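These notes concern the structure reproduced below.
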There are 2 protein chains.
Amino acid sequence: MQSKMDHYAKRTLDFVERIGSLTDYDEICREIVEELEAFGFTSVTTMTLPGPGEEFADGMLLNTRPREYTDHYIEKNYVVRDPVVTELRHTVYPYSWSDVRERRDLSKEDSRIIDEGSEFDAREGLIIPIVTLSRSMSIFSPCGREPDLSQRARSAMEIIGIYSLQALKRSLIQRKRTDIVHTPLTVREREVLQWVAAGKSDDEIADILSIATCTVTSHVENAKMKLDAFKRTYAIVQAIRFGEISL
Amino acid sequence: MQSKMDHYAKRTLDFVERIGSLTDYDEICREIVEELEAFGFTSVTTMTLPGPGEEFADGMLLNTRPREYTDHYIEKNYVVRDPVVTELRHTVYPYSWSDVRERRDLSKEDSRIIDEGSEFDAREGLIIPIVTLSRSMSIFSPCGREPDLSQRARSAMEIIGIYSLQALKRSLIQRKRTDIVHTPLTVREREVLQWVAAGKSDDEIADILSIATCTVTSHVENAKMKLDAFKRTYAIVQAIRFGEISL
DNA sequence: ACGAAAATCCCAAGTTCTTAGGAGAGGGCT
DNA sequence: AGCCCTCTCCTAAGAACTTGGGATTTTCGT
């Protein structure tokens, strides 16, 4: 008898081979949804967590959750408090919604947020965290009424999730190439900004670098302009995003 | 008879399951190298292509190529002209070194660069491109003397490559995180901080969240205290470090 | 040697943050 | 019920940042 384990293994590799050659976004989505059904998942969300100044929907790569659920979720801004999402601050390894229920002492409100999913066929699900070197975090999250959450299924889902994200990004890469380009900072601007990020005031930085406070301010202002920021805080965020300063 | 196809499928899922639970960088590396040997690959390089102003070695996550080869490669700055690498400008799908030989009309110099690998047990290999939504591109590149380059092996390598990169990045992030402890922020504090990081003033944030400006200021101050910061800019940096807000 | 880009410095009014207090309402836990 | 935490709101002076100008000297590549 072929075990279920090997069945999943073969399915998964087949899946990868199948969508590996697809270049059309919609076709890839169809394949993903179909594959997930075999595991008992009825809907899926793939998104990058919104960073400062980004819309929730910006990072949404694929979302087949019921429309009303998504709208409701966005409207309530659940992404900042849904315990299933905030669990990402503790771990970068895959987990299920019920894992969160068990691990954390949830407040009534938090439990309610998870339970709300049941009304939309999203009773139980998985979160597959996907990290990048630039520290942005994406998740692949399939869910359903009674999905298979066995270890073998999880491993398969992890592959499917990571690979799906790859395939989707790949299909979009041409479209996204019109990326934000920024004017590169000068050495001095970077240096000053690094101190700003460290929480120093312009006076302190002037001291450190042995230059006038005016000069420091001026460097910061130039950097802000180049990074398209009106405030220092956002300039720092942008600088980190663009790799101009490191954490 | 069990086909080779299914053998690879099972191996691959086993591999994923095995390293999925590992958190130590070195252990993960060992598993990867061992798994690659089963396919005939004797060494592997995983790196992010250097952007402007970046050192070649900055994005090197894992490299088991012979030391002399790496040094030689870096010294000659081959990364900017090696046809195997520049092929990435044309495709985001996996390919082998011999694919490049066939596809392109290589100049003598370019051919020589590829051939040089033979002296170091790197005669033939694969490039698995891994894309991110920001412009950066990573590659997973195993090579050897006579590796298996069948379609099924390539699919398996794609999974192994993408997954290995995940596992390695994950282990690095988790390590950094557990280093530092901080008082967790409340939901509201996080929400406010996210807007601060987006470059909004307290007045604007008050408007957005429909609360008093005083309240916003107060949340920011509490967050600053918890994050051990005297300035907003540093508070933002800390919040990102601690994963309280995402990039 | 020339020009472009970077780095340095200056002013000054207006806005925003910082700091260090206090205080009430409501939820959750024991 | 009593306690702790969160969220809300408040004051007010002084420090820091923002904005939009301008000017001079260095540095660096061609």
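Because the structure is predicted, anything quoted here is derived from the model rather than measured. The chains referred to below are lettered A, B, ... by the order of the sequence lines, with proteins before strands, and numbering in each begins at 1. Both backbone and side-chain heavy atoms feed into the values below; hydrogens, waters and symmetry mates do not.
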Contacts of B:D203 and B:K224 projected onto DNA chain C by closest heavy atom; the upstream (5') one is B:D203
Sidechain-backbone polar pair: A:S218 side chain, A:C214 backbone, donor-acceptor under 3.5 Å: no
Span of DNA chain D, from the first to the last nucleotide whose atoms fall under 4.0 Å of chain B heavy atoms: D:dT6 to D:dC17
How long is the line joining CD1 of A:I205 and C1' of C:dT8, in whole Å? 16 Å
Please give, in whole Å, the distance from C:dT18 P to B:K231 NZ? 7 Å
Test item: B:L209 and B:T215 side chains (from C-beta on) under 4.5 Å apart, heavy atoms: no
Starting at atom CH2 of B:W195, determine the distance to atom C1' of C:dT16, rounded to an integer number of angstrom. 19 Å
Within the distance-only criterion (no hydrogens, no angle test), does the side chain of A:E124 pair as donor or acceptor with the backbone N or O of A:S98 below 3.5 angstrom? yes
How many Å lie between CZ on B:R232 and C1' on C:dT16, as a whole number? 8 Å
Nucleotide C:dG27, atom P - distance to CZ of A:R81 in whole Å: 13 Å
Look at the side-chain N and O atoms of A:T186 and state whether any lies under 4.0 Å from the OP1 or OP2 oxygen of C:dA7. yes
Do A:D148 and A:S150 meet the criterion of a side-chain donor-acceptor pair at a distance under 3.5 Å? yes
Residues from residues 210-221 of chain B sitting under 4.0 Å of DNA chain C, heavy atoms only? B:T217, B:E221
A:R241 with A:E54: basic N within carboxylate O range, under 4.0 Å: yes
Tell me: CZ of A:R112 to P of C:dG28, nearest whole Å? 11 Å
Spacing of A:E189 atom CD relative to C:dT8 atom C1', expressed in whole Å: 13 Å
Rounded to whole angstrom units, what separation is found between the OH atom of A:Y234 and the P atom of C:dT16? 19 Å
Would you call A:E244-A:K226 a salt bridge at under 4.0 Å N-O? no
Across the strands shown, which category fits B:D202 at heavy-atom distances under 4.0 angstrom: base, sugar-phosphate, nothing? sugar-phosphate
Tell me whether A:R154 is salt-bridged to A:E158, with the criterion being a basic N under 4.0 Å from an acidic carboxylate O. no
Lys/Arg N to Asp/Glu carboxylate O, B:K108 vs B:D115, below 4.0 Å: no
As a quick check of understanding, evaluate side chain to side chain contact (heavy atoms under 4.5 Å, CB included) for A:H72 and A:Y78, giving each step before the final call. CA-CA 9 Å; A:H72 180 241; A:Y78 275 168; 3.8 Å; yes
